[in-house]
Amino acid sequence: MAFENLTERLSKAMKNLTGRGRVSEEDLRATMREIRLALLEADVNYDTVKKFVANVREKASGADILEGLNPAQQVVKIVNDELTITMGEEAVPLNKSPKIPTIIMMAGLQGAGKTTTVAKLAYKLKKEENARPLLIAADVYRPAAIDQLEILGRDLEIPVFQLGTAVNPREIVRQGLAKAAENKNDYVFIDTAGRLQIDDVLMQELKDVAEIAQPDEILLTVDAMTGQNAAETAKGFSAALDLTGVVLTKLDGDTRGGAALSIRDVTGKPIKFVGQGEKPTDLDVFYPDRMASRILG
Ligand code: GDP
């Protein structure tokens, strides 16, 4: 189960509190110490943890809460609310263009789940909105990526535009967009190249593609299992590209939760979707409040 380690640690910290008839400032301090450790162990960004703990402490301390009714329950609620705020408060919907097509550019490091996510999201829109997406294969450095997109497209009955690996991505995108206009596709997804790490060549290429495509969304896929590194990666991409959101993949394998809790705070960018498995249907809208409840168990 996702976040099981964090859930266990946090509920232990809270249980200490609920066992008491009344909650003193000292009890609260001890609980906050536990919460701080739980978050650090979950690989949440250090500054995010500091801010989180300070906010909870400020909202929870004082006579109103500690000497009021059910102080322990109130502290749990404050923690729950703060988790929600840290993850962005509200679900942020996909940006849509007033006229077709809505163009969604997907970026991310190699192996983060970019190609899989393109297929998942296109499939979601096809099912939910009867959409007619076109997928553009613009990752020319990894021939397997084009094949992978072709296979996914065939399975899901979604057309894929590709020109192999010999044409540069800018030209592929130009021609792909012309194709989409001709076919009146309502969504266009651009699957871009990834690298093992951020480098200038990759960023320049992504900037060039973005300039040609003028996307409505630039979604970054990051692997939840990389913890706060996912947030650092997002920060790096964000410095070069106008990211509109993040897709957090592989949440199904993440026992810690550091990525989910750090990304919004570190980058200011909303997590829009989460990948929770390898199947095309394993993609969900990210709701900060539901995620907070899930984390608290
Ligand atoms: P790309 O290099 O960023 O395009 O990454 P891929 O889309 O090829 O994905 C890399 C691997 O991660 C593949 O084996 C995917 O099946 C897997 N993957 C992607 N998203 C998820 C997810 O949400 N959960 C799990 N368990 N695996 C995923």
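Computed from a predicted model, the values in this text were never measured in an experiment. Note that ligands are numbered from 1 as they come in the structure, with each ligand's atoms numbered from 1 the same way.
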Within ligand 1, which atoms have a heavy atom of Gly275 less than 4.0 Å away? 23 (O)
Here the atoms of ligand 1 under 4.0 Å from any heavy atom belonging to Gln110 are 2 (O)
Is the cationic atom of Arg195 (NZ for Lys, CZ for Arg) positioned less than 6.0 Å from the six-membered ring centroid of Tyr141 and within 45 degrees of its normal? yes
Can you tell me which residue among Leu283, Leu135, Thr221 is in a side-chain contact (heavy atoms from CB on, under 4.5 Å) with Leu121? Leu283
Checking Ile103, Val188, Asn168, Ile190 against Val173 for side-chain contact (heavy atoms from CB on, under 4.5 Å), the one that qualifies is Ile190
Is the closest side-chain heavy-atom distance between Thr117 and Phe273 below 4.5 Å? no
In the structure I gave you, are the side-chain heavy atoms of Arg264 and Ile271 within less than 4.5 Å of one another anywhere? no
Using heavy-atom distances, let me know which of Gln276, Arg195, Lys250, Met106 sits nearest atom 11 (C) of ligand 1. Lys250
Nearest neighbour of atom 5 (O) of ligand 1 from the list Gly113, Gly253, Ala193, on a heavy-atom basis: Gly113
So does Lys12 have more than 12 non-hydrogen atoms from other groups sitting under 6.0 Å from NZ? no
Sub-4.0 Å heavy-atom approach of [X] to ligand 1:
| X | value |
| --- | --- |
| Ala112 | yes |
| Asp282 | no |
| Leu109 | yes |
| Gly277 | yes |

What's the separation between atom CD1 in Ile263 and atom CD in Glu232, rounded to the nearest 0.5 Å? 10.5 Å
Quick check: closest heavy atoms across Ala292 and Met87, and the distance to 0.1 Å? N-CE, 3.6 Å
Minimum-distance protein heavy atom relative to [atom]:
| atom | answer |
| --- | --- |
| atom 10 (C) of ligand 1 | Gly111 O, 3.6 Å |
| atom 8 (O) of ligand 1 | Gln148 NE2, 3.0 Å |
| atom 3 (O) of ligand 1 | Lys114 N, 2.7 Å |
| atom 20 (N) of ligand 1 | Lys120 NZ, 3.8 Å |
| atom 27 (N) of ligand 1 | Glu278 CG, 3.3 Å |
| atom 6 (P) of ligand 1 | Thr116 OG1, 3.4 Å |

For Lys96, is there an ion pair with Asp216 - N to carboxylate O distance below 4.0 angstrom?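 No, no charged N to carboxylate O under 4.0 Å.
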Tell me whether Asp81 is salt-bridged to Lys77, with the criterion being a basic N under 4.0 Å from an acidic carboxylate O.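 Looking at Asp81 and Lys77, the cut-off is met.
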Applying a heavy-atom cut-off of 4.0 Å, say which part of Asp252 lies close to ligand 1: side chain, backbone, both or neither.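 The side chain, only.
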Give the contacting part of Arg142 toward ligand 1: side chain, backbone, both or neither, where contact means a heavy-atom distance below 4.0 Å.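 Side chain only.
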